[in-house]
Amino acid sequence: MVLTYFFIILLTLFMLSIYMLDTIEQYFFNREEMELLTRANIVAGITSRHIEYRDDAIARVIDDMKIDRAIRVIITDKEAIVLFDNREESDLEGKVLLKEEIIHALNGKDAVRSNYEESSGWVINTAVRVIKDREIIGVVFLTTSAERIVRFVEDIRNKLFIISLVVSIFIGFFSSILARIITAPILNFTAAIKNMEDEKTIEKVPVTGNDEITQLGKAFNKMSERLNEEEEKRKVFVSNASHELRTPLSSIKVMADSLLQFESLDMSIVKEFLGDINNEIDRLSRIVNKLLLLTKMDAEEKELEMKKVDIKKVIDSVYKSLLPLAKEKNVHLDYEVADSVFMKIDEDKMWEAIFNIVDNSIKYTSANGKVSIRMHKTRQDVQIIIEDSGIGIPAHEIDKIFGRFYRVDKARARETGGTGLGLSIAMQAVKSHSGDIEVSSEEGIGSVFNIILPSGIIWNENN
Ligand SMILES: Nc1ncnc2c1ncn2[C@@H]1O[C@H](COP(=O)(O)OP(=O)(O)OP(=O)(O)O)[C@@H](O)[C@H]1O
Ligand SMILES: [Mg+2]
């Protein structure tokens with residue numbers, strides 16, 4: 001790009017020089033021609049009165065006029081025979097001088113012309129009629145060398161050439177510096193991207209300054225950071241997932257091994273072991289199912305099946321599904337959602353989100369506790385509030401509970417059968433509807449989970 005600009009500038013400089021030189025040359029030639037023509041007219045005017053007296057009289061008049069010695073003055077009669085020539089060594093007098101300009105003049109047209117002659121280089125010639133009593137009686141022919149002008153223009157041309165050369169060197173020099181300044185960060189990008197491609201490392205580029213490239217660099221670095229975080233999350237997720245899957249598997253293995261060690265066993269012991277093995281298998285399949293659901297949601301985030309759904313109906317269904325669990329745990333499940341609100345949502349995912357939160361509330365509330373489900377519709381949003389009088393969540397854990405496999409009390413989790421994936425699934429589902437989940441909780445008193453859905457997804461008949 002810089003090179004292109006460099007050549008454009010050079011070309012412009014070159015064209016401008018040519019145009020300028022041409023104009024200057026034209027101007028000086030025109031001026032000289034006009035001057036010579038004026039002078040010829042004056043000479044013609046004066047000599048018209050003396051032409052009959054021939055040589056002496058004319059010579060005196062011309063002398064009196066003090067014409068520049070560089071201008072050759074020739075006067076002819078109407079037959080183009082030279083009557084006077086101001087060159088002393090001239091042998092033209094008495095001879096016919098057939099100059100083009102003279103012939104033109106005798107034909108009635110005064111002429112001025114610049115042309116190149118082998119012998120004397122560039123000359124300006126002019127021929128003006130000498131008129132007396134409306135008749136052409138002769139011609140004044142003035143000629144002068146234009147070499148001065150040519151040399152002057154040549155001089156300018158040489159100087160321009162030198163100036164152009166110096167300017168080009170300067171421009172070239174600065175262009176290359178500029179090119180380096182511009183391309184250095186781009187080369188850094190390319191190197192960083194190539195490294196990411198080849199070695200699967202996520203790199204940052206150095207950024208200094210405040211120009212557009214720097215901003216690009218900052219954006220690039222932010223992106224790298226995001227990628228790094230995502231990569232880190234992915235690693236943690238994979239290692240957590242393997243760990244979570246390995247735990248029930250090793251329990252099963254241990255129990256199966258112990259069963260195999262004995263030759264004969266009491267059927268009741270065998271049953272007990274098999275019961276435990278069965279529980280671990282249930283746990284495994286719960287984890288696998290939830291993992292599958294999560295990864296499916298990751299992959300399909302942009303392809304939700306948005307339909308017109310009454311959110312009250314979804315909460316109803318969750319309530320009905322969890323009522324038996326609440327009864328079994330002797331937890332009072334309070335439900336007060338009065339109005340229908342039609343929203344544009346993916347019904348299954350929203351069900352999953354609400355289910356996981358109500359399920360937690362029942363799970364982490366002890367007997368005689370209370371869980372309530374309510375719904376508010378305000379101008380900005382729809383809020384589904386699930387409140388419990390359960391064990392609560394320590395303040396410093398609240399940020400973490402949405403993390404995959406995260407459980408506050410890991411020891412208890414084994415009893416409750418928790419996988420630590422429920423809230424990640426809920427958050428993912430709500431986020432994919434542009435919503436959010438807020439939590440407030442106090443240990444020993446209870447927790448409030450608030451699912452906030454933006455009013456933008458409330459169904460209106462126009463969409
Ligand atoms: N209502 C609640 N009261 C107290 N603690 C809660 C509540 N909801 C969630 N938690 C805490 O947050 C953790 C994460 O919840 P999450 O639903 O993701 O996992 P889980 O309930 O343990 O397992 P899963 O839901 O997959 O069966 C829980 O283990 C629990 O410690
Ligand atoms: Mg849960």
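Both counts, for ligands and for their atoms, begin at 1 and track the order of listing. Nothing here was measured: the structure is a model prediction, and the numbers come from that model.
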Specify side chain, backbone, both or neither for [X], according to which of its non-hydrogen atoms lie closer than 4.0 Å to ligand 1.
| X | value |
| --- | --- |
| Ile393 | side chain |
| Asp388 | side chain |
| Arg286 | neither |
| Glu397 | neither |

Atom indices of ligand 1, in the order listed, that fall short of 4.0 Å to a heavy atom of [X]:
| X | answer |
| --- | --- |
| Gly422 | 16 (P), 17 (O), 18 (O), 24 (P), 25 (O), 26 (O) |
| Tyr406 | 13 (C), 14 (C) |
| Leu421 | 18 (O), 19 (O), 26 (O) |
| Ser361 | 1 (N) |
| Lys290 | 24 (P), 25 (O), 26 (O), 27 (O) |

(message) Heavy-atom contact check, 4.0 Å cutoff: does Gly390 meet ligand 1?
(response) no

(message) Contact between ligand 1 and Phe402 is defined here as a heavy atom of the residue under 4.0 Å from a ligand atom; is it met?
(response)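 No, Phe402 has no heavy atom closer than 4.0 Å to ligand 1.
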
(request) Taking both backbone and side-chain atoms into account, decide whether Thr419 has an N/O/S atom under 2.8 Å from the Mg ion (ligand 2). (result) no

Are the charged groups of [X] and [Y] less than 4.0 angstrom apart, N to O?
| X | Y | value |
| --- | --- | --- |
| Lys370 | Glu387 | no |
| Glu347 | Lys307 | no |
| Arg151 | Asp155 | no |

(request) Quickly, which of Ile386, Leu333, Asp388 forms a side chain to side chain contact (heavy atoms under 4.5 Å, CB included) with Ile362? Name it, please. (result)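 The option that passes is Leu333.
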
(request) Over 60° means perpendicular and under 30° means parallel, so classify the ring planes of Tyr319 and Tyr335, tilted if in between. (result)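 Ring orientation of Tyr335 relative to Tyr319: parallel.
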
(request) Kindly indicate, with the supporting measurements, whether the criterion salt bridge (Lys or Arg N to Asp or Glu O under 4.0 Å) is fulfilled by Asp346 and Lys349. (result) CA-CA 6 Å; Asp346 184 314; Lys349 302 221 164 87; 3.4 Å; yes

(message) Judged on heavy-atom distance to atom 22 (O) of ligand 1, which of Tyr364, Phe355, Phe449 sits nearest?
(response)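 Result: the heavy atom closest to atom 22 (O) of ligand 1 is in Tyr364.
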
